[in-house]
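Below is one structure, written out as structure tokens, with a few remarks after it.
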Amino acid sequence: MTEEHTRRSGTPGWVVATISGIAGLFYAYAMWAGVSYLVVMAQTASAAGGSLTPFAWIAMVMTIALPVALFVVAVLLGRRAGWWRLALYLVVGLGVVAVFWLNAQAYTTTQVVFQ
């Protein structure tokens with residue numbers, strides 16, 4: 001019965017909060033970098049006398065929304081699992097955010113994103 005009870009209870013709340021809080025700082029940095037990049041690109045387009053293309057807007061907004069969404073998904077999936085699964089979900093989510101961030105930067109530096 002003790003083993004069954006331990007399995008159901010999962011990781012203690014303070015461990016989930018600590019791991020999520022530390023990882024959340026990295027996700028917050030990724031989100032803030034997306035906001036900063038969007039502002040810089042919008043200012044650059046405005047200085048050039050144009051505006052961002054709709055696809056560029058979508059890519060830039062996704063650099064802000066994706067870290068938030070993946071953080072929430074990782075915490076919801078990992079909070080009832082073991083602490084190592086929670087950490088793994090958060091690291092994988094951060095890897096996906098990093099890949100998307102690199103794709104968004106590659107798009108905005110190689111394509112015409114101003115109209």
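Here the structure is a predicted model, which is why all the values come from computation and not from measurement.
- By the rule that hydrophobic residues join a cluster once side-chain heavy atoms approach within less than 4.5 Å of another member, W14 and V75 end up as members of one cluster.
- Connection of I64 to F55 is established within a shared hydrophobic cluster, with ILVMFWY side chains joined at heavy-atom distances below 4.5 Å, either directly or through further cluster members.
- Around CH2 of W83, the count of heavy atoms belonging to other residues, nucleotides or ligands within 6.0 Å does not exceed 12.
- For F26, the CZ atom is loosely surrounded, since the number of other residues' heavy atoms within 6.0 Å does not exceed 12.
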Run L38 and T63 through side chain to side chain contact (heavy atoms under 4.5 Å, CB included) and show every step you take. CA-CA 9 Å; L38 173 62; T63 62; 5.9 Å; no
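- The hydrophobic cluster containing L76, built from Ile/Leu/Val/Met/Phe/Trp/Tyr side-chain heavy atoms closer than 4.5 Å, also comprises V72.
- The distance from atom CG of N103 to atom CE of M62, rounded to the nearest 0.5 Å, is 11.5 Å.
- Of all heavy-atom pairs between V97 and A30, the closest is CG1-CB, 3.7 Å.
- By the rule that hydrophobic residues join a cluster once side-chain heavy atoms approach within less than 4.5 Å of another member, M60 and W101 end up as members of one cluster.
- In this structure, CZ in R80 is found 14.5 Å from CZ in R85, a value given to the nearest 0.5 Å.
- Looking at V16, I19, V15 one by one, the single match for side chain to side chain contact (heavy atoms under 4.5 Å, CB included) with R79 turns out to be V16.
- Scored by the side chain to side chain contact (heavy atoms under 4.5 Å, CB included) test, A56 finds L52, T53, Y107, V113 as partners (sequence neighbours excluded).
- There is a path of hydrophobic side-chain contacts, each under 4.5 Å, that joins F100 to V96.
- For the side-chain hydrogen bond (donor to acceptor under 3.5 Å, both in side chains) condition, the pairs that include at least one residue of residues 21-40, sequence neighbours left out, are Y37-T108.
- T44 places a side-chain N or O within donor-acceptor distance of the main-chain N or O of V40, the cut-off being under 3.5 Å.
- The structure places CZ of F71 at 15.5 Å from OH of Y89, a figure rounded to the nearest 0.5 Å.
- Here the OG-CG distance, from S20 to L90, works out to 5.5 Å after rounding to the nearest 0.5 Å.
- Put simply, CE on M41 and CH2 on W57 are 11.0 Å apart, with the number rounded to the nearest 0.5 Å.
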